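What you see is a predicted model; the values in this text were computed from it and never measured.
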Protein chains: 2
Amino acid sequence: MPTLQQLRYLVALSETLHFRRAAEECHVTQPTLSAQLKELEARLGVPLVERSRAKVVLTPLGRDIAARAKGVLRDMTEIVELARQGQAPLTATIRVGVVQSLGSYFLPLIVPQLRQRHPGLKLYVREGLPRALTGQLDDGALDLLFFPLPVPERNLVATRLFREPLLVVAPHDHPLAAQPDIAPADLRGETIMALEPGHQLYNQVRQLTEAIGADLSHDYEGTSLDTLRQMVAMGMGLSLLPALYVRSEVARETLVVARPMQGTPPARIIGMVWRKSSVRAAEFSALADTIRDIIATEVPEVAIMR
Amino acid sequence: MPTLQQLRYLVALSETLHFRRAAEECHVTQPTLSAQLKELEARLGVPLVERSRAKVVLTPLGRDIAARAKGVLRDMTEIVELARQGQAPLTATIRVGVVQSLGSYFLPLIVPQLRQRHPGLKLYVREGLPRALTGQLDDGALDLLFFPLPVPERNLVATRLFREPLLVVAPHDHPLAAQPDIAPADLRGETIMALEPGHQLYNQVRQLTEAIGADLSHDYEGTSLDTLRQMVAMGMGLSLLPALYVRSEVARETLVVARPMQGTPPARIIGMVWRKSSVRAAEFSALADTIRDIIATEVPEVAIMR
DNA sequence: CTTTTTGATAGATAAAAGCTATCAAGTCCA
DNA sequence: TGGACTTGATAGCTTTTATCTATCAAAAAG
């Protein structure tokens with residue numbers, strides 16, 4: 001197989017038809033270029049050059065191969081240029097995974113300002129269930145997750161972004177709806193509905209209901225936040241829903257109301273997660289800082305965490 | 001600049017996602033592949049691979065560069081294949097030059113059988129004046145000439161193909177038209193027209209007219225064999241034209257006749273000419289032998305020369 | 001005819017690519 | 001849980017390749 005350097009020498013000779021000038025162009029001595037072209041002819045098994053003192057002529061095959069060599073060298077230059085451009089942070093596409101209970105309520109709040117600050121940013125977003133997302137991150141199909149913390153996987157690392165409180169959501173005609181906020185004691189005896197097990201939210205709601213003596217509903221488990229909201233509207237019980245979901249989908253709702261809890265409300269912590277082996281850790285940390293800045297000014301419903 | 005071998009390693013790793021398996025595919029040891037990929041990343045200035053014991057993942061840039069590397073390696077394989085196919089003789093195009101007084105009368109006689117014997121043969125034919133043709137051969141714009149001999153240039157070599165006699169061409173009502181052949185003495189006092197100086201034919205006709213006492217016309221010099229024939233038809237004199245031209249253009253003519261000369265008729269020798277530095281000399285010698293064989297059976301008007 | 005320039009060759013040197021041996025870390029299995 | 005096995009990385013050495021300088025024979029130029 002020829003080497004790229006040999007092709008470079010052939011291309012230079014095809015353009016100059018002079019061994020010494022071609023050598024100068026390639027920044028080597030004339031014997032080097034002469035010997036390397038001989039080696040190239042030996043490797044290919046065909047003469048590429050007619051040599052004489054009077055003038056140098058390429059064989060038809062030599063001319064054809066020189067033309068193709070030009071293309072190969074151009075492609076190599078493009079590879080080098082691609083690498084050079086890729087050195088800038090946030091220029092390669094980021095394949096992002098988000099849990100379904102977060103994505104469409106959170107990303108629209110931050111992406112406009114993110115794009116403003118990083119015009120070259122390209123996000124490829126995929127929603128999914130938590131376990132599927134961590135699997136895809138692990139396999140390399142995704143680069144980054146927006147994900148409730150902690151994450152159980154050992155070869156993933158995370159940085160916290162914000163704490164998202166859970167709000168009590170009740171039918172609009174429920175007695176608690178008349179209060180501006182809810183004491184935990186107010187929930188004693190109430191039926192609380194939650195997402196199915198497998199969600200961080202389920203665990204948090206379970207812990208709370210156990211602590212305050214409310215009843216965690218086992219008759220109905222919502223498959224989505226919307227399902228839970230509709231069940232609350234129908235008077236099948238109360239629920240605890242994330243603040244960003246409430247901002248997006250409940251604030252304009254007339255059949256249900258959302259009330260914050262007094263004291264330290266239950267909350268989930270949302271973070272950014274990537275592979276421990278990722279070479280883009282610095283890039284992602286910088287991205288996290290940028291996102292915190294945006295949240296601080298655009299999303300009062302949650303509390304920044306560092 | 002990366003090397004082709006480094007690209008080969010990257011492509012193998014992108015396909016196997018396993019350093020040891022990629023090394024096996026490339027027939028090197030795992031430390032060699034590992035080190036060369038590190039060197040590739042250093043040369044490009046960007047990470048291409050995320051490494052961990054659990055699994056190997058390419059960065060987005062790594063994947064993109066691996067895809068482009070695949071294309072480059074494919075182009076290289078095509079160059080090698082092109083060279084392999086070019087090793088067979090008479091597979092590369094032959095750029096042929098012929099003098100205007102020969103080409104269209106000679107090549108149609110031999111090309112059909114040449115193509116029959118060498119189906120892959122590709123000729124690119126260019127007609128021109130003798131000095132222009134030798135210049136283009138010298139410069140490498142042409143590979144081969146069918147040319148009257150001898151050639152004056154020092155760095156060209158020639159091999160004789162055949163001797164082409166010159167025939168006396170006279171108006172059909174000229175007294176000499178009644179004879180089956182012409183003695184040199186019969187031309188004494190006749191006006192003989194010839195091509196302009198610069199043609200071998202001119203020199204030969206001049207030598208003959210000086211030897212036998214005929215008058216070489218200076219009032220009219222033909223720019224082509226057709227012009228000479230038309231002048232003869234108009235009664236402006238006689239001419240001496242090459243046998244192959246006569247076979248092609250005069251034998252069916254009614255206004256003029258052609259008669260061979262007695263004894264050793266004037267003739268021109270036609271040969272194949274190529275550069276002394278040409279690497280295709282053996283190929284062209286073999287071609288000359290083939291052409292002589294064809295002429296022996298197809299062209300009785302000329303005499304083979306070796 | 002002498003000088004200059006050409007591409008080729010020989011021998012030496014430097015650089016690169018490859019090897020083996022071995023490492024630390026992670027995975028697998030009993 | 002601990003030992004065995006596998007992984008990618010590193011160190012040091014060897015082999016191969018690419019480059020150099022010096023010089024050559026031959027051709028061109030003056």
Below 3.5 Å, can you tabulate the donor-acceptor pairs from side chains in residues 19-28 of chain A to any protein atom, sequence neighbours excluded?
none

Would you mind writing out the side-chain donor-acceptor pairs for residues 63-70 of chain A within the sub-3.5 Å range, not counting sequence neighbours?
| unit_1 | atom_1 | unit_2 | atom_2 | d |
| --- | --- | --- | --- | --- |
| A:Arg63 | NH1 | A:Leu58 | O | 2.9 |
| A:Lys70 | NZ | A:Glu15 | OE2 | 3.0 |

Side-chain atoms of residues 268-291 of chain B: list all donor-acceptor pairs with protein atoms under 3.5 Å, sequence neighbours left out, distances to 0.1 Å.
| unit_1 | atom_1 | unit_2 | atom_2 | d |
| --- | --- | --- | --- | --- |
| B:Arg268 | NE | B:Glu164 | OE1 | 2.7 |
| B:Arg268 | NH1 | B:Ser101 | OG | 2.8 |
| B:Arg268 | NH2 | B:Ser101 | O | 2.9 |
| B:Arg268 | NH2 | B:Glu164 | OE1 | 3.1 |
| B:Arg275 | NE | A:Glu50 | OE1 | 2.8 |
| B:Arg275 | NH1 | B:Leu137 | O | 2.6 |
| B:Arg275 | NH1 | B:Leu142 | O | 2.8 |
| B:Arg275 | NH2 | A:Glu50 | OE1 | 3.2 |
| B:Arg275 | NH2 | A:Glu50 | OE2 | 2.9 |
| B:Lys276 | NZ | B:Arg154 | O | 3.0 |
| B:Ser277 | OG | A:Glu50 | OE1 | 3.4 |
| B:Ser278 | OG | B:Arg280 | N | 3.2 |
| B:Arg280 | NE | B:Glu283 | OE1 | 3.1 |
| B:Arg280 | NH1 | B:Thr93 | O | 3.2 |
| B:Arg280 | NH2 | B:Ala92 | O | 3.1 |
| B:Arg280 | NH2 | B:Glu283 | OE2 | 3.1 |
| B:Glu283 | OE2 | B:Leu90 | N | 2.9 |
| B:Ser285 | OG | B:Ala281 | O | 3.2 |
| B:Asp289 | OD1 | B:Arg292 | NH1 | 2.8 |
| B:Thr290 | OG1 | B:Ala286 | O | 3.1 |

What donor-acceptor contacts under 3.5 angstrom involve side-chain atoms of residues 123-130 of chain B, with partners at least two apart or in another chain?
| unit_1 | atom_1 | unit_2 | atom_2 | d |
| --- | --- | --- | --- | --- |
| B:Tyr124 | OH | B:Arg126 | NH2 | 2.7 |
| B:Glu127 | OE2 | B:Ser104 | N | 3.4 |

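Separating the CG atom of A:Asp138 from the P atom of C:dG26 is a distance of 14 Å, rounded to the nearest angstrom. In this structure, the OH atom of B:Tyr9 is 15 Å from the P atom of C:dA16, given to the nearest Å.
Among the protein residues, A:Arg43 comes within range of the sugar-phosphate backbone only, with heavy atoms under 4.0 Å from sugar or phosphate atoms but none that close to a base.
The side chain of B:Thr29 contributes an N or O atom lying less than 4.0 Å from OP1 or OP2 of C:dC19. The side chain of B:Gln5 contributes an N or O atom lying less than 4.0 Å from OP1 or OP2 of C:dG18.
Heavy-atom contacts of chain A under 4.0 Å fall on DNA chain D between two terminal nucleotides, which in 5' to 3' order are D:dA18 to D:dA28.
Taking CZ from B:Arg163 and CD1 from B:Ile304, the interatomic distance works out to 13.0 Å, rounded to the nearest 0.5 Å. Remark: B:Met76 CE to B:Leu4 CG distance equals 5.0 Å, nearest 0.5 Å. Between atom CG of residue A:Leu33 and atom CD of residue A:Gln5 there is a gap of 9.0 Å, rounded to the nearest 0.5 Å.
Near-neighbour residues of DNA chain D inside residues 12-28 of chain B, defined by a heavy atom below 4.0 Å, number-ordered: B:His18, B:Phe19, B:Arg20. Taken residue by residue, residues 30-41 of chain A places heavy atoms nearer than 4.0 Å to DNA chain C at A:Gln30, A:Pro31, A:Ser34, A:Lys38.
Salt bridge present: A:Arg206 and A:Glu210 bring a charged side-chain N and a carboxylate O closer than 4.0 Å.
Of all heavy-atom pairs between A:Leu149 and A:Ala158, the closest is CD2-CB, 3.7 Å.
Among residues two or more places apart in sequence or in another chain, the ring-ring contact (aromatic ring centres under 6.0 Å, His included) test is passed with B:Phe106 by B:Phe146, B:Phe162. With sequence neighbours excluded, no residue satisfies side chain to side chain donor-acceptor pair (under 3.5 Å) with B:Thr77. Every residue two or more places apart in sequence or in another chain that forms a salt bridge (Lys or Arg N to Asp or Glu O under 4.0 Å) with A:Arg84 is listed here: A:Glu81.
Applying the salt bridge (charged side-chain N to carboxylate O under 4.0 Å, His left out) test to every pair with at least one member in residues 28-47 of chain A, sequence neighbours left out, gives these pairs: A:Glu39-A:Arg43, A:Glu41-A:Arg51.
Each end of the helix from C:dC1-D:dG30 to C:dA30-D:dT1 gets its own rotation axis from five pairs of C1' atoms, and the angle between them is 30° to the nearest 10 degrees.
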